[in-house]
Amino acid sequence: MARDLAIDLGTANTLVYMKGRGIVLNEPSVIALNRQTGEVLATGREAWQMIGRTPGYIVAVRPLRGGAITDFEITERMIRLLLQRVGVSRFTRPKVVICVPSAITEVERRAVTDAARRAGAAEASLIEQPMAAAIGADLPIDEPVGNMVIDIGGGTSETAVISLGGIVSLEAVRVGSFDIDAAIQNHVRREHGIAIGERTAEEIKVAIGSADPTVDENQAEVRGRDLMTGLPKTVVLTPDEVRSAIEDVVSSIVASVIRCLSKAPPELSQDFLVRGMYLVGGGGLLRGLAERIERETEVPVRMSNVPLEAVVLGAGHVIEHYEALKGMFMGARR
Amino acid sequence: MLPYLIIAVLIVLAVVIVARLVRPRQDPVDSFRRQIDALSPEARRPTIDQVRDAAEESGETEEDES
């Protein structure tokens with residue numbers, strides 16, 4: 001009998017929690033395929049290292065965008081391989097809880113559950129990412145108080161107010177840290193005339209990217225291909241110009257937090273001033289983002305102790321208490 | 001033979017229908033209480049500790065390797 005699983009099927013990373021064991025897999029959501037035969041050549045970290053560096057017959061892709069499946073067949077194969085790696089076989093079909101963005105459509109939901117069932121799950125249930133994140137971040141969501149969680153992922157940013165085990169108000173935008181990378185790529189191409197890859201853009205974001213001015217800011221040397229000559233070229237980027245390049249994405253995330261705050265009932269709003277808001281997800285690690293949200297909303301922002309694992313931890317807790325918490329699944333509350 | 005088979009199928013169907021109708025409905029208050037209890041910090045502690053212990057263990061292993 002297979003142990004039941006919780007999966008955080010993120011645009012950037014996929015994490016798997018096994019009942020009674022904890023987190024057993026944490027890998028980029030990337031798959032590398034042979035373009036001609038369609039065979040899977042690598043998944044996870046190995047496939048991620050191939051992005052932008054493959055010969056013509058290999059393609060390394062992220063089958064999820066904005067938290068939704070863009071290629072059903074490839075996603076199913078990726079989930080099947082992930083499940084195999086954690087010990088699921090044709091004869092051991094576990095129950096699976098999958099975290100998805102709350103803003104996905106009915107069709108997208110069905111695509112995720114179908115992909116999981118075809119990949120070997122006996123039963124596939126979905127839970128909203130902000131709800132799972134709040135459970136995993138150890139917020140007191142069992143109490144009648146306002147808990148606010150901001151989950152910034154690779155393709156989506158979601159803000160939710162949670163009280164008594166349910167979502168009170170929610171705001172989601174299909175903007176995330178990949179859009180920050182894309183904004184950096186576009187800026188370097190437009191202003192410096194050089195082309196850089198997705199991974200280089202991510203490295204720039206991690207090295208000097210910020211949402212608000214911070215102390216000890218450094219410049220970064222960036223290497224890419226000159227668009228005019230086609231030759232390798234190095235340019236220097238300043239934190240200021242990166243900040244202005246990503247400003248549109250950052251403002252749209254902050255605006256969605258403000259919209260969520262304004263939708264919350266007044267009784268719960270006063271709780272935020274005391275308890276603050278909790279930031280989770282890889283995008284939340286952008287320097288100065290917590291300070292920027294705090295400055296614009298005048299509500300304290302705290303970083304979760306486990307920003308990258310909060311969502312899968314929450315879903316893992318749901319799988320540990322499946323019978324008591326199955327009423328929290330998407331579609332179960334109708 | 002066939003009439004007996006039909007009668008047997010009808011009896012099974014009737015039993016299933018009756019069982020479904022008389023099955024006690026889950027009390028919504030009880031179900032809500034169980035959900036809230038399962039979300040309490042005490043109930044969540046083992047899940048969070050389990051992951052924290054595993055992370056600490058893997059951190060120690062990495063240190064040993066380096």
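Just so we're on the same page: letters track the sequence lines, and every chain starts at 1. Everything quoted here is computed from the prediction, not taken from an experiment.
For A:A137, no part lies near chain B; criterion is any non-hydrogen pair under 4.5 Å. Contact of B:R33 with chain A is not made at all, since no heavy-atom distance falls under 4.5 Å. Heavy atoms of A:H317 lying under 4.5 Å from chain B belong to its backbone as well as its side chain.
Atom-to-atom distance recorded for B:R34:CZ and A:H321:NE2 is 12.0 Å, nearest 0.5 angstrom. B:T47 contributes atom OG1, which lies 10.0 Å from atom CG of A:D138 (distance to the nearest 0.5 angstrom).
Taking each heavy atom of A:L164 and B:F32 in turn, the nearest pair found is O-CE1, 4.1 Å. Between A:D142 and B:S40, the shortest heavy-atom distance links the atoms OD2-CA, 3.4 Å. Minimum heavy-atom separation, A:M328 to B:Q35: CG-NE2, 3.5 Å. Counting all heavy atoms, side chain and backbone alike, A:G165 lies closest to B:L39 at CA-CD1, 3.6 Å.
In B:D37, the CG atom is crowded: over 12 heavy atoms of neighbouring residues, nucleotides or ligands sit closer than 6.0 Å. For CZ of A:R21, the number of neighbouring non-hydrogen atoms (other residues, nucleotides, ligands) closer than 6.0 Å is 12 at most. More than 12 heavy-atom neighbours from other residues, nucleotides or ligands sit within 6.0 angstrom of CD on A:Q84.
A donor-acceptor pair under 3.5 Å is formed between the side chain of B:R44 and the backbone N or O of A:I135.
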